[in-house]
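Structure first, commentary second.
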Amino acid sequence: MAALPKAFYARPDVVAVSRELLGKRLCTKLNGGVTKAIITETEAYAGIDDRASHAYGGRRTARTEPMYADGGTAYVYLCYGIHHLFNVVTNVEGIPHAVLIRAAIPAEGEMLMLRRRQKKSVDKALLGGPGSLSKALGITTRLTGESLWSERIWIEDTGIVPDVSKIKAGPRIGIDYAGEDAARPYRFILTQ
DNA sequence: CGAATGATATACT
DNA sequence: GTATATCATTCGA
């Protein structure tokens, strides 16, 4: 495998990292099975300046602790009591920047994904949202704080650089409580 | 469109 | 230590 180097995540521009994660391959190896998926949608969370971030204003709690870690750490958070949301921590230690992975398309281990989601056929809904994506890949909060070159979870470089014209930017979703910051164009979508 | 669902944060005793 | 409000969503009417 060709896992992305730490230098990819450690850069200061979380928005650039988010954009460049599009087209990369998110891989997990859990319960003996390997699943891989091409990332198609991401959102940036710019730490203390961003009301939508859990770390807004420098808040630091047991839950958000992994966000303050070095770039290349996984931050998994349980939302609405049901959904596990997977984020990639960027920047250097002490700066709580992260990228939420919102959607992907299956690349390997489709059968395992279908079993985890209790579905029969591969369709858009299989990896169509942050909660669904995590469930299909078997990601849970126990992976929070794990580094992205571990045995259990990593992101590979596919060698493919998506055409810039296929990348769309837009406002983030589901964070209306964030006021003005909700409108920031921090969401990136890879169109097909 | 609206309910489900539980860990977490925050404000209390 | 205990209580209550809140939430980076999904699924089924």
Side-chain angles (χ1 to χ4, degrees), chain A residues 9 13-22 24 26 28 35 37 39-69 71-91 95-106 113-146 148 153 155 168-190:
Chain A
Y9 306 105
D13 188 351
V14 63
V15 176
V17 176
S18 291
R19 193 168 46 229
E20 289 169 34
L21 276 172
L22 293 175
K24 298 286 189 286
L26 172 62
T28 60
T35 48
I39 298 169
T40 57
E41 192 172 337
T42 62
E43 281 181 11
Y45 284 85
I48 60 175
D49 294 327
D50 187 353
R51 266 187 75 185
S53 170
H54 290 152
Y56 175 66
R59 262 173 46 243
R60 186 166 186 154
T61 65
R63 179 183 64 165
T64 61
E65 193 59 30
M67 279 218 284
Y68 288 84
T73 302
Y75 171 45
V76 184
Y77 160 64
L78 185 70
C79 181
Y80 294 98
I82 309 174
H83 308 290
H84 299 268
L85 272 54
F86 173 68
N87 303 250
V88 175
V89 176
T90 70
N91 217 308
I95 302 185
H97 286 187
V99 178
L100 168 68
I101 309 300
R102 284 195 72 84
I105 51 177
M113 294 186 203
L114 287 173
R115 204 172 71 211
R116 286 184 179 131
R117 297 248 18 228
Q118 312 208 321
K119 286 173 64 82
K120 293 210 162 157
S121 57
V122 175
D123 63 359
K124 214 178 152 191
L126 183 63
L127 300 174
S132 305
L133 173 108
S134 301
K135 189 168 183 191
L137 295 187
I139 295 170
T140 63
T141 53
R142 70 202 172 94
L143 286 178
T144 204
E146 187 97 5
L148 294 176
I153 184 165
I155 298 177
K168 276 202 218 168
R172 290 172 294 182
I173 299 218
I175 50 164
D176 296 342
Y177 65 90
E180 306 244 321
D181 289 340
R184 294 197 199 184
Y186 281 1
R187 174 165 164 249
F188 298 98
I189 307 159
L190 183 62

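Quick note: numbers below take in every heavy atom, side chains included, and nothing from hydrogens, waters or symmetry partners. Keep in mind the model is a prediction, meaning the values are calculated, not measured. Just so it is clear: chains get the letters A, B, ... in the order the sequence lines come, proteins before strands, and each one is counted from 1.
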Take atom CD1 of A:Ile82 and atom P of C:dG12, then tell me their distance rounded to the nearest Å. 12 Å
So A:Arg172, base contact, sugar-phosphate only, or nothing? Heavy-atom distance under 4.0 Å. nothing
For A:Tyr77 and B:dT8, give me the distance from atom OH to atom P, rounded to whole Å. 9 Å
Expected list for residues 49-63 of chain A near DNA chain B, using heavy atoms below 4.0 Å, is A:Arg59, A:Thr61, A:Arg63
Could you run through DNA chain B and flag its stems, i.e. three or more consecutive Watson-Crick or G-U pairs with both distances under 3.5 Å? B:1-4 with C:9-12, B:6-12 with C:1-7
Measure CZ/A:Phe86 against C1'/C:dT9 and give the value in whole Å, please. 18 Å
CA sep, side-chain torsions, deciding dist, call: A:Thr140, A:Arg142, side-chain hydrogen bond (donor to acceptor under 3.5 Å, both in side chains): CA-CA 5 Å; A:Thr140 63; A:Arg142 70 202 172 94; 3.3 Å; yes
Would you name the heavy atoms of A:Leu133 and A:Ala104 that are closest together and state the gap between them? CD1-CB, 3.4 Å
Measure across A:Ser53 and A:Met67 and return the closest heavy-atom pair with its distance rounded to 0.1 Å. OG-CE, 3.9 Å
Is the closest side-chain heavy-atom distance between A:Leu114 and A:Lys120 below 4.5 Å? no
Would you mind reading off the distance between A:Leu100 atom CG and C:dC7 atom C1', rounded to a whole angstrom? 14 Å
Looking at every non-hydrogen atom in both residues, tell me the closest pair between A:Ser134 and A:Pro130 and how far apart they are. OG-O, 3.0 Å
A:Leu127 has an atom CG; how far is it from atom P of C:dT9, in whole Å? 17 Å
To the nearest Å, give me how far apart OH (A:Tyr80) and P (C:dG12) are. 18 Å
Minimum heavy-atom separation for A:Leu127 to A:Pro106, with atom names? CD1-N, 3.4 Å
Would A:Asp50 and A:Arg172 pass as an ion pair if we require N to O under 4.0 Å? yes
Rounded interatomic separation in angstrom, taking NZ from A:Lys135 and C1' from C:dT9: 13 Å
Looking at every heavy atom in both A:Ala183 and A:Pro171, which two are closest together, and how far apart are they? O-CB, 4.1 Å
